[in-house]
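The structure under discussion appears below in the form of structure tokens.
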Amino acid sequence: MPWTPAEMMVVAAARRLRDEERVLVGIGLPNLAANLALRSHAPRLTMVYEAGVVGARPRRLPLSIGDPCLVEGARAVLAMHELFSWYLQGGRVDTGFLEAAQVDRFGNLNSTVIGAYNRPKVRLPGSGGACDIALLARRTLIMMPHRTERFPERVDFITSPGCTARRCLSWAGGGPEAVITDLGVLEFDTEGEMYLAAVHPGVDEAKVLAQTGWPLRCAQRIAETPPPTPEELTVLRDLDPAGVHLRRGR
Amino acid sequence: MPWTPAEMMVVAAARRLRDEERVLVGIGLPNLAANLALRSHAPRLTMVYEAGVVGARPRRLPLSIGDPCLVEGARAVLAMHELFSWYLQGGRVDTGFLEAAQVDRFGNLNSTVIGAYNRPKVRLPGSGGACDIALLARRTLIMMPHRTERFPERVDFITSPGCTARRCLSWAGGGPEAVITDLGVLEFDTEGEMYLAAVHPGVDEAKVLAQTGWPLRCAQRIAETPPPTPEELTVLRDLDPAGVHLRRGR
Amino acid sequence: MSSGKVTTLTEAIARFVHDGHTVYLAGFTHAIPFAAGHEIIRQRRRNLILARATPDLICDQMIAAGCARKLIFSWGGNPGVGSLRAFRRAVERGELEIEEYTHFAMLSRLAAGASGLPFFPLRSLLGSDLPGVNPQIRTIRCPFTGEELAAVPSLRPDVTVVHAQRADAEGNVQIWGIVGDQREAAFAASRVIACVEEVVDELVVANDPNRTMVPGEVVSAVVAVPFGAHPSYVQGYYDRDNQFYIEWDGVTATPDGYAAWLDAWVHGVRDRQEYAARLGQGRLAQLQTPTRYTAPVNYGTFS
Amino acid sequence: MSSGKVTTLTEAIARFVHDGHTVYLAGFTHAIPFAAGHEIIRQRRRNLILARATPDLICDQMIAAGCARKLIFSWGGNPGVGSLRAFRRAVERGELEIEEYTHFAMLSRLAAGASGLPFFPLRSLLGSDLPGVNPQIRTIRCPFTGEELAAVPSLRPDVTVVHAQRADAEGNVQIWGIVGDQREAAFAASRVIACVEEVVDELVVANDPNRTMVPGEVVSAVVAVPFGAHPSYVQGYYDRDNQFYIEWDGVTATPDGYAAWLDAWVHGVRDRQEYAARLGQGRLAQLQTPTRYTAPVNYGTFS
């Protein structure tokens, strides 16, 4: 069964979710990854949405983070401040998913601005809950397409702190565990620097290095991600039949 | 229609409530006073109970502050922390009712202990919400029987600050407006000291002074409380038909 | 008992929203008070400080219409679609002052405002570049553990607008489904305008007081505005008009596109009823969702 | 899906409540987990730190039974009746350590615990003598206004017990009527034991998720304990056994009275079922309240 790089990225992210854990899900690709995990190897995954929904079982792709489809079949609805306070700050979120416009070698994420903050070239949406999740989840998984301009040496703005800045904070969570892209999987060494841990099937290591804005370190043996199984692809395409997220040109 | 001193006390307290205001009600005598006001001159009084009930219309005397009878017909039920935060600390409680074992000349209340805190003669229940109400309501009304031992020069323990201690707090509410007893009504002068403003019908000023533990100041002209009307007594006795609060020997 | 709170949106906005006000339009992508936003545009309010965790299309429209001088926010995008072009354009040109937080920090500001606290502590923000661009983000040390946390000041809007399923004439607002920021935003404000799909008898509210999310005494005006959250969704009433959200991106590709849209859909209609009529019965019917009712619970009688 | 959380009270207490633990029995005079308290007495736990805003009869019984070395509280009386004699006696004789707050401060401690904050600020306590006798009450200065507020440390019970109307097998607890301190007390704790009048199918919960006050993932054990809150009340299920509260004052006039009562009603029965049987059908039937059902609301289907 042929598959797209976006599908491979979602499948690789889904596989990192563990059964019985609590994952704070955003809409878009993270929502697909979490729902794929729930419907494959992690049937007891608890999906938490920042709008305040716990144990959601959406029957369609949520159109926004506050989609009523998240409520149907859910176990509980909390006020947002309760969710952020009691779940996220309370240390009850095992995994947080993040996307961003830029990531640097230490896992710092930018979703605020391209250019200077006061004279932006491109004004992006901003943190939303991303900075909160980055600092408070027990671990974060980052999903983003692998392009040179999105992997700069330094991000233009640290919206969500990665491995280094957060070290000064005694109370911060575990920070970024991996960046999962459409080319491979990057993990972090003990110094908090990103390295290439795996490439997806058919992806050349050199291509990854070329599309990274700094001299990317590599694992001694770079693994190859097992390709999506037909089962994974079937579930995934069933979740996004129109290809809203999986086929668009990101 | 004959009436008891306890009934006069409740009627005098009820008359001080204004229509359309929000009153934080405790069980016992304050509950009777608020319900009497609601059923006579203040039909748009909002009764708030610290258990989290807003706009209660109890059909019986609540057996405790968390009686489900408070919920029937109420407009809203909040969590207790929400009630204390959003209503009381949020400045939305116009009047708080307080009872106590002792009151001093500055309206400091003791409901914690008789004797020393660490070697109590009598251990009392403690603050509950009283200290919070004393500090945060826009005004408080204090109800208690007028006996020398309950009106000492100094209270054994300041559970709920009165006029003086609270002056140092920029954020505190208006503090005690009156102490309504079974003998009369005491108000506070600009220095925050209590003085006798009114006696109930048939009560001798000298008796009040004798039953106060310090040289009590008096108003230039001490008023006489108008006696309970038959209407007031009818409503009141209907609220407490068994005389649980109105006939017991306090 | 009627308190005279029930009114029209025209009157409510005229009476309670003034130039220069800080206005919080509540609703976390669910039940967004679009009708109120349009009425504010229609009445040509100016120099507003708009506050909203997710500005969404409604703030984009108000910015395009020239109502806002400042935006306090935490995520400014077109949810599920892309960016808000009027917002972006204004910020990129330096024409709109912004004060930016994370979601948690925005909610903490509202929680402080609702609670009568001057600040709220939270574990976030530090290590990001946000404190460097927003002096309202400070730190505080725990008097017990010595830990350093972030602190944000209370937010006290002059007016908060909520949109909900129902309220009684006293303004006791009942919400189910996603509640989001609505409770804190209401309690934090000096005035609250409650727009609802239905104004119901007070007995409906008293029948289930645990559903009351905003009690009447914090509400100044109650307005029946069916479809008042269109194009966003309302649990149990209608779905999001997703086509609208997608098309918005095209509509707003140019300033002229905005102007034409505002002329047609805001200034060109008198009120929400005319707006709904212009949308047409067919489109509205398509957005209605199949019913799914709760089972009753027993409160019992204690008397 | 069964998580194996459904168990007996005997097992739940044996497994989760250990000597020396800080135990929070939740419920603000409504839905007090009496059955759980009795089981703790029956299993002869010692050196517990009991935490409860309103200790009520249940803590009086546990203190009399010798379970507690310390009490953290804000109002220690027999609600509507008078005083708690075992509590008073122990404090007056210096046999029980106490740590005392106001209601708002107790709730703030729980709110901090639930929220993962080390402290919570509040405007109260200052000016009273409480800070002088409780070094856990401190002050904090607002980094924006410079105001001095009170601060209390987080409370993180080892175990919280809640009693509620219903839960599913995963421990999603639904409560209506007075919610009191139950949510914050549950989220603040390391473990939660949920005692409920009825264990219901998970679809009952999912049918109305806004009623879920304590989600299953913070709950370790789910126990069906009909009449488990007797002699307190449960909205929609039964009324307070007021005679019991009044008689308690006489029962406890002497230490012998306590001992005899504990022998008969706690040690003398195996579990709550036997306790209920001893109370008798007649007495229980008298406490049941007439039904009063809510009207359904429509959540709709969004798919």
Side-chain angles (χ1 to χ4, degrees), chain A residues 27-28 49-53 61-72 77-81 84-85 88-89 108 110-113 115 117-132 134-136 155 157-162 164-172 244, chain C residues 27-31 53-54 56 73-80 83-84 87-89 91-92 94 98 100-105 107-108 110-111 122-130 132-133 147-149 176-184 213 232-236 239-240 242 245 289 292:
Chain A
I27 58 164
Y49 288 79
E50 63 184 14
V53 184
L61 284 177
L63 300 173
S64 75
I65 196 67
D67 191 325
C69 79
L70 298 171
V71 172
E72 184 168 353
V77 180
L78 288 78
M80 267 181 89
H81 191 244
F84 276 87
S85 297
L88 191 58
Q89 191 172 253
N108 293 305
N110 173 21
S111 49
T112 301
V113 71
Y117 185 79
N118 288 317
R119 293 190 56 86
K121 260 190 281 187
V122 182
R123 174 64 222 201
L124 302 166
S127 164
C131 171
D132 310 313
L135 286 168
L136 291 167
V155 294
F157 189 94
I158 299 180
T159 311
S160 308
T164 41
R166 5 188 343 286
R167 287 205 185 153
C168 319
L169 303 169
S170 59
W171 44 258
V244 174
Chain C
F28 190 63
T29 87
H30 171 236
T54 51
D56 209 277
F73 76 109
S74 43
W75 192 86
N78 179 339
S83 55
L84 298 174
F87 159 74
R88 270 187 63 177
R89 205 173 284 140
V91 174
E92 289 167 8
I98 57 172
E100 186 167 3
Y101 297 90
T102 66
H103 277 345
F104 192 19
L107 294 161
S108 297
L110 291 174
L122 72 159
R123 300 188 197 266
S124 187
L125 297 163
L126 308 183
S128 98
D129 283 339
L130 283 166
V133 298
E147 289 170 285
E148 193 175 56
L149 310 183
W176 53 98
I178 288 163
V179 178
D181 55 1
Q182 303 215 51
R183 305 186 75 189
E184 287 86 355
M213 294 291 113
S232 72
Y233 11 45
V234 175
Q235 186 94 43
D239 208 339
R240 174 159 120 156
N242 206 39
Y245 272 81
T289 49
R292 188 170 57 85

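Order of the sequence lines sets the chain letters (A, B, ...), proteins ahead of strands, with each chain counted from 1.
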message = Need one label for Asp67(A): side chain, backbone, both or neither, based on atoms under 4.5 Å from any heavy atom in chain C.
response = both
request  = Could you check which of Glu92(C), Glu148(C), Arg89(C) has the highest count of heavy-atom pairs closer than 4.5 Å to chain A?
outcome  = Glu92(C)
query = Which answer fits Tyr245(C), side chain, backbone, both or neither, if we ask what part of it has an atom under 4.5 Å from a heavy atom of chain A?
reply = neither
request  = Measure from the side-chain N and O atoms of Thr29(C) to the backbone N and O of Gly66(A), and report whether any donor-acceptor pair falls under 3.5 Å.
outcome  = yes
task = Using the test side-chain hydrogen bond (donor to acceptor under 3.5 Å, both in side chains), find all partners of Ser111(A) that sit at least two apart in sequence or belong to another chain.
result = none
Contacting moiety of Ile65(A), where chain C heavy atoms sit under 4.5 Å = both
task = Identify which part of Leu135(A) has an atom lying under 4.5 Å from any heavy atom of chain C, answering side chain, backbone, both or neither.
result = side chain
request  = State the CG-CG distance between Asp132(A) and Leu125(C), to the nearest 0.5 angstrom.
outcome  = 6.5 Å
request  = Measure distances from Gln182(C) to the heavy atoms of chain A and classify the residue's part below 4.5 Å as side chain, backbone, both or neither.
outcome  = neither
Contact leader toward chain C among Gly126(A), Ser127(A), Gly28(A), where contacts are heavy-atom pairs under 4.5 Å = Ser127(A)
query = What part of Glu184(C) gets closer than 4.5 Å to chain A, counting heavy atoms only: side chain, backbone, both or neither?
reply = side chain
task = Mind ranking Leu122(C), Val91(C), Leu84(C), Val133(C) by heavy-atom pairs under 4.5 Å with chain A and telling me who comes out on top?
result = Val133(C)
inquiry  = Which label fits Phe104(C) and His81(A): parallel for a plane angle under 30°, tilted from 30 to 60°, or perpendicular past 60°?
reply    = tilted
message = Can you tell me how far apart CG (Leu70(A)) and CD (Gln235(C)) are? Round to the nearest 0.5 Å.
response = 9.5 Å
request  = Give, for atom CG of Asp129(C) and atom SG of Cys131(A), the distance between the pair rounded to the nearest 0.5 Å.
outcome  = 10.0 Å
remark   = Whatever's closer than 4.5 Å to a heavy atom in chain A on Asn78(C) counts as neither
message = At a heavy-atom distance under 4.5 Å, which candidate from Ile178(C), Thr289(C), Asp239(C) has the highest pair count against chain A?
response = Ile178(C)
query = At a heavy-atom separation under 4.5 Å, does Ser85(A) approach chain C through its side chain, its backbone, both, or neither?
reply = both
task = Go through Ser74(C), Pro79(C), Gly236(C), Ala31(C) and name the one with the most non-hydrogen pairs under 4.5 angstrom from chain A.
result = Ser74(C)
inquiry  = Donor-acceptor pair, distance only, cut-off 3.5 Å: does the side chain of Glu147(C) make one with the backbone of Ser170(A)?
reply    = no
message = Strictly distance-based, threshold 3.5 Å: is any side-chain N or O of Trp171(A) a donor or acceptor partner for the main-chain N or O of Ser124(C)?
response = no
key: Contact winner vs chain A - Leu126(C), Asp181(C), Val179(C), heavy-atom pairs under 4.5 Å   = Leu126(C)
message = Heavy-atom cut-off 4.5 Å, strictly under: side chain, backbone, both or neither for Val122(A) against chain C?
response = both
query = Would a 4.5 Å heavy-atom cut-off, applied to side chains only, mark Leu107(C) and Phe84(A) as touching?
reply = yes
note = Greatest number of non-hydrogen atom pairs under 4.5 angstrom with chain C, of Asn110(A), Leu63(A), Val77(A), falls to Leu63(A)
ask   = If you look at every heavy atom in Phe73(C) and Pro125(A), which pair is closest and at what distance?
value = CE1-O, 3.6 Å
key: Heavy-atom contact with chain C under 4.5 Å, split by part of Ile27(A)   = side chain
note = When the 4.5 angstrom heavy-atom criterion is applied to Thr54(C) and chain A, the contacting part is neither
Point-to-point distance, once rounded to the nearest 0.5 Å, from CZ of Arg88(C) to CG of Leu124(A) = 7.0 Å
request  = Below 4.5 Å from any heavy atom of chain C, which atoms of Phe157(A) appear? Answer side chain, backbone, both or neither.
outcome  = both
ask   = Is it the backbone or the side chain of Cys168(A) that comes under 4.5 Å from a heavy atom of chain C, or both, or neither?
value = neither
request  = Apply the test side-chain contact (heavy atoms from CB on, under 4.5 Å) to residues Thr112(A) and Glu100(C): give CA-CA distance (whole Å), side-chain angles for both, the deciding distance (0.1 Å), then the verdict.
outcome  = CA-CA 10 Å; Thr112(A) 301; Glu100(C) 186 167 3; 3.7 Å; yes
message = Is Ser83(C) in contact with chain A via its backbone, its side chain, both, or neither, using a 4.5 Å heavy-atom distance?
response = neither
